[in-house]
Amino acid sequence: MTGTLAPAKQLTAADRCDRCGAQAYIRATLPIGGELLFCAHHGRQHVAVLRDKGANIQDESARLSDAPATAGNDER
């Protein structure tokens, strides 16, 4: 077994924040195993401390600003 991590899968709408239940945009993989999921709000509150403790952070919160303002005809 190697010590490398598999690439993290993209977070989906089914992934929920461990603090409030909102859609998760940040995954913190802990060095001892396991992971924590956070919405952008709670991620901003906790990510610095988790990173300092050695957690690997996957931040997809930029997707919040990438969403189109309106749905196209094929999305309605």
Side-chain angles (χ1 to χ4, degrees):
M1 179 174 164
T2 65
T4 60
L5 295 174
K9 294 187 285 184
Q10 183 173 352
L11 294 165
T12 68
D15 294 310
R16 310 312 285 180
C17 177
D18 290 328
R19 295 285 298 174
C20 69
Q23 184 173 348
Y25 287 94
I26 297 172
R27 173 185 285 130
T29 305
L30 305 174
I32 60 170
E35 66 183 20
L36 297 170
L37 300 177
F38 295 107
C39 64
H41 167 79
H42 286 112
R44 283 190 296 272
Q45 288 181 336
H46 300 289
V47 75
V49 172
L50 289 166
R51 186 175 283 127
D52 289 346
K53 295 192 181 284
N56 180 24
I57 306 299
Q58 176 185 351
D59 186 348
E60 298 180 11
S61 60
R63 290 192 299 142
L64 289 167
S65 60
D66 292 342
T70 59
N73 288 334
D74 60 330
E75 296 175 328
R76 296 179 191 186

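The figures that follow rest on heavy atoms only: side chains count, while hydrogens, waters and symmetry mates do not. Counting from 1, the numbers follow the sequence of the chain as shown.
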Next on the checklist: Enumerate the salt bridge (charged side-chain N to carboxylate O under 4.0 Å, His left out) contacts for residues 27-42, please, sequence neighbours excluded, ordered by first and then second residue.
Outcome noted: R27-E35
Next on the checklist: To the closest 0.5 Å, what do you measure between OG (S61) and CG (L11)?
Outcome noted: 10.5 Å
Item to check | Check: L50 and L30 side chains under 4.5 Å, non-hydrogen atoms | outcome: yes
Next on the checklist: Can you pull out every salt bridge (charged side-chain N to carboxylate O under 4.0 Å, His left out) where at least one residue sits in residues 50-61? Sequence neighbours excluded, please.
Outcome noted: E60-R63
Item to check | Closest non-hydrogen atom pair between T12 and D15, with its separation | outcome: N-OD2, 2.8 Å
Checklist outcome for this item: Residue pairs meeting side-chain hydrogen bond (donor to acceptor under 3.5 Å, both in side chains), one or both in residues 16-26, sequence neighbours left out, come to Q23-Y25
If you look only at distance, which donor and acceptor atoms sit under 3.5 Å apart when one is on a side chain in residues 37-47 and the other is two or more places apart or in another chain?
none

Checklist entry - What's the spacing between T29 OG1 and I57 CD1 if we round to 0.5 Å? => result 7.5 Å
